[in-house]
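Data block below; observations after.
Numbering of residues begins at 1 and proceeds along the displayed sequence. All values reported here derive from a predicted model rather than from experimental measurement.
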Amino acid sequence: MASGARAHSRRELLADAAIDVLAREGGRGLTHRAVDREAQVPLGTTKNYYPTRNALLIAAARRMADEHSAAVQVLRDTTPAGVRPDQVRELYPAMLTRAVHGDRTQTLALFELYLEGVRRPEVREALGDMVRANAEGVIAVHRSAGLDTTPRDAALLDAYFLGVSISMLALPEDALGKLGLDDSRDLGRGLFDAAVPSAAVPSASEQRDEHGRGSVDEPVRQDQHPGVAVPRPEVAEQEPGDPLVGHD
């Protein structure tokens with residue numbers, strides 16, 4: 001099974017396994033037997049807990065929504081006062097890079113659940129809870145940086161991110177290169193700029209300290225995610241130099 005938060009119950013273990021199966025095999029590959037094998041439990045276990053495929057899909061969607069909400073809450077709680085807009089902006093290149101070049105389990109499973117949500121109201125409801133929680137988290141982090149981000153801005157950022165992510169994962173490299181969709185860091189900044197018009201992030205030459213020195217770009221941790229595809233919430237401790245960590 002893919003790395004993630006520890007399951008505290010058999011139901012969570014099976015839901016995590018369902019997420020892994022969805023990411024690897026797609027919606028057609030999500031069967032009770034496949035989840036049993038992924039979770040390394042006796043055959044028939046998943047069917048005892050989730051009798052139908054619809055129940056299994058809802059469990060996966062709810063598990064992702066709960067994990068996502070927990071990770072977003074951690075980000076909100078650990079965002080320091082005085083964070084700058086340019087620091088918030090740098091989270092998005094890191095997030096997009098992780099989604100398409102790192103562990104893609106959550107990203108791919110999310111795409112599959114979005115497709116299922118078109119036809120299944122219960123899955124759609126869980127996804128709605130996830131997006132609303134994400135928007136609230138984005139707004140809180142952005143407003144800590146003095147950005148007047150609206151719910152619509154946050155929702156657009158989420159939708160833009162999904163669209164760019166699926167394009168980068170599904171299209172051939174030559175097409176991505178010709179279309180200018182092959183640089184995840186540049187695209188991540190572009191998503192932020194397009195969705196948050198109030199950002200007005202100053203250029204490097206405009207960012208000066210009291211001695212007239214230009215600011216130095218700070219590294220961005222890829223486990224801090226105010227957008228979609230948040231990894232299962234084993235949040236690493238922040239270190240000096242992180243974009244949302246204040247400096248003495």
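- No side-chain heavy atom of Arg37 sits under 4.5 Å from any side-chain heavy atom of Gln40.
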Run Leu13 and Val41 through side-chain contact (heavy atoms from CB on, under 4.5 Å) and show every step you take.
CA-CA 10 Å; Leu13 174 69; Val41 296; 4.1 Å; yes
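- In this structure, the side chain of Asp77 does not engage the main chain of Val74 through any donor-acceptor pair within 3.5 Å.
- Between the CG atom in Leu147 and the CG atom in Asp153 there is a gap of 9.5 Å [rounded to 0.5 Å].
- When all heavy atoms of Val196 and Thr149 are compared, the closest pair comes out as CG1-OG1, 3.5 Å.
- Side chain of Arg120 to backbone of Asn54: no donor-acceptor contact under 3.5 angstrom is found.
- Closest heavy-atom contact between Ala60 and Leu22: CB-CD1, 4.2 Å.
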Gln106/His68 under side-chain contact (heavy atoms from CB on, under 4.5 Å): CA gap, chis, key distance, verdict:
CA-CA 10 Å; Gln106 293 270 306; His68 184 92; over 6 Å; no
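- In terms of the side chain to side chain donor-acceptor pair (under 3.5 Å) criterion, Asp183 has no residue partners (sequence neighbours excluded).
- At least one donor-acceptor pair under 3.5 Å links the side chain of His32 to the backbone N or O of Tyr50.
- Asn134 contributes atom CG, which lies 10.0 Å from atom CG of Leu75 (distance to the nearest 0.5 angstrom).
- Within 6.0 Å of the CZ atom in Arg33, the count of heavy atoms belonging to other residues, nucleotides or ligands does not exceed 12.
- When every heavy atom of Tyr92 is checked against every heavy atom of Gly188, the shortest pair comes out as CB-O, 3.5 Å.
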Chi angles and distances behind the side-chain contact (heavy atoms from CB on, under 4.5 Å) call for His142, Arg89:
CA-CA 9 Å; His142 286 201; Arg89 182 178 186 248; over 6 Å; no
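- Taken together through direct or relayed side-chain contacts under 4.5 Å among Ile, Leu, Val, Met, Phe, Trp and Tyr, Met95 and Ile139 form parts of separate hydrophobic clusters.
- In this structure, CG on Leu96 lies 11.0 Å from CZ on Arg189, to the nearest 0.5 angstrom.
- The CG atom of Leu113 sits 7.5 Å away from the CD1 atom of Ile19 when rounded to the nearest 0.5 Å.
- Electrostatic pairing of Arg62 and Glu125 counts as a salt bridge here, judged by a charged N lying under 4.0 Å from a carboxylate O.
- Comment: Glu136 does not engage Arg132 in a salt bridge, judged by the lack of any side-chain N to carboxylate O separation of less than 4.0 angstrom.
- In terms of heavy-atom proximity, Thr31 sits nearest to Arg28 at CG2-O, 4.4 Å.
- Counting only distance, with no hydrogens or angles, the side chain of Glu112 and the backbone of Gly26 share no donor-acceptor pair below 3.5 Å.
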Asp66 vs Glu12, test: side-chain contact (heavy atoms from CB on, under 4.5 Å). Steps then yes/no.
CA-CA 11 Å; Asp66 290 345; Glu12 289 180 352; over 6 Å; no
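- With a 4.5 Å cut-off on side-chain heavy atoms, Phe111 and Leu162 count as touching.
- Leu57 and Val118 fall into different hydrophobic clusters, where Ile, Leu, Val, Met, Phe, Trp and Tyr side chains are chained together by heavy-atom contacts under 4.5 Å.
- Scored by the side chain to side chain donor-acceptor pair (under 3.5 Å) test, Arg24 finds Glu38 as partners (sequence neighbours excluded).
- Ser184 OG to Arg98 CZ: the interatomic distance, rounded to the nearest 0.5 Å, is 13.0 Å.
- Classification of Lys47 and Asp36 as a salt-bridged pair fails, no side-chain N sitting under 4.0 Å from a carboxylate O.
- Atom CE of residue Met64 and atom CG of residue Asp16 lie 10.5 Å apart, to the nearest 0.5 angstrom.
- Using a 4.5 Å heavy-atom cutoff, the side chains of Arg10 and Thr45 are in contact.
- In this structure Arg104 satisfies the side chain to side chain donor-acceptor pair (under 3.5 Å) test with no other residue, sequence neighbours excluded.
- Transitive grouping of hydrophobic side chains (ILVMFWY, heavy atoms separated by less than 4.5 Å) brings Leu110 and Leu171 into a common cluster.
- By the 4.5 Å heavy-atom criterion applied to side chains, Leu14 and Leu56 are not counted as neighbours.
- Side-chain atoms of Arg53 and Glu116, non-hydrogen and from C-beta on, do get closer than 4.5 Å to each other.
- Contact record, Thr107 with Ser165: CG2-CB, 4.5 Å, taken as the closest heavy-atom pair.
- Between Ala133 and Val72 the shortest heavy-atom distance is O-CG1, 3.9 Å.
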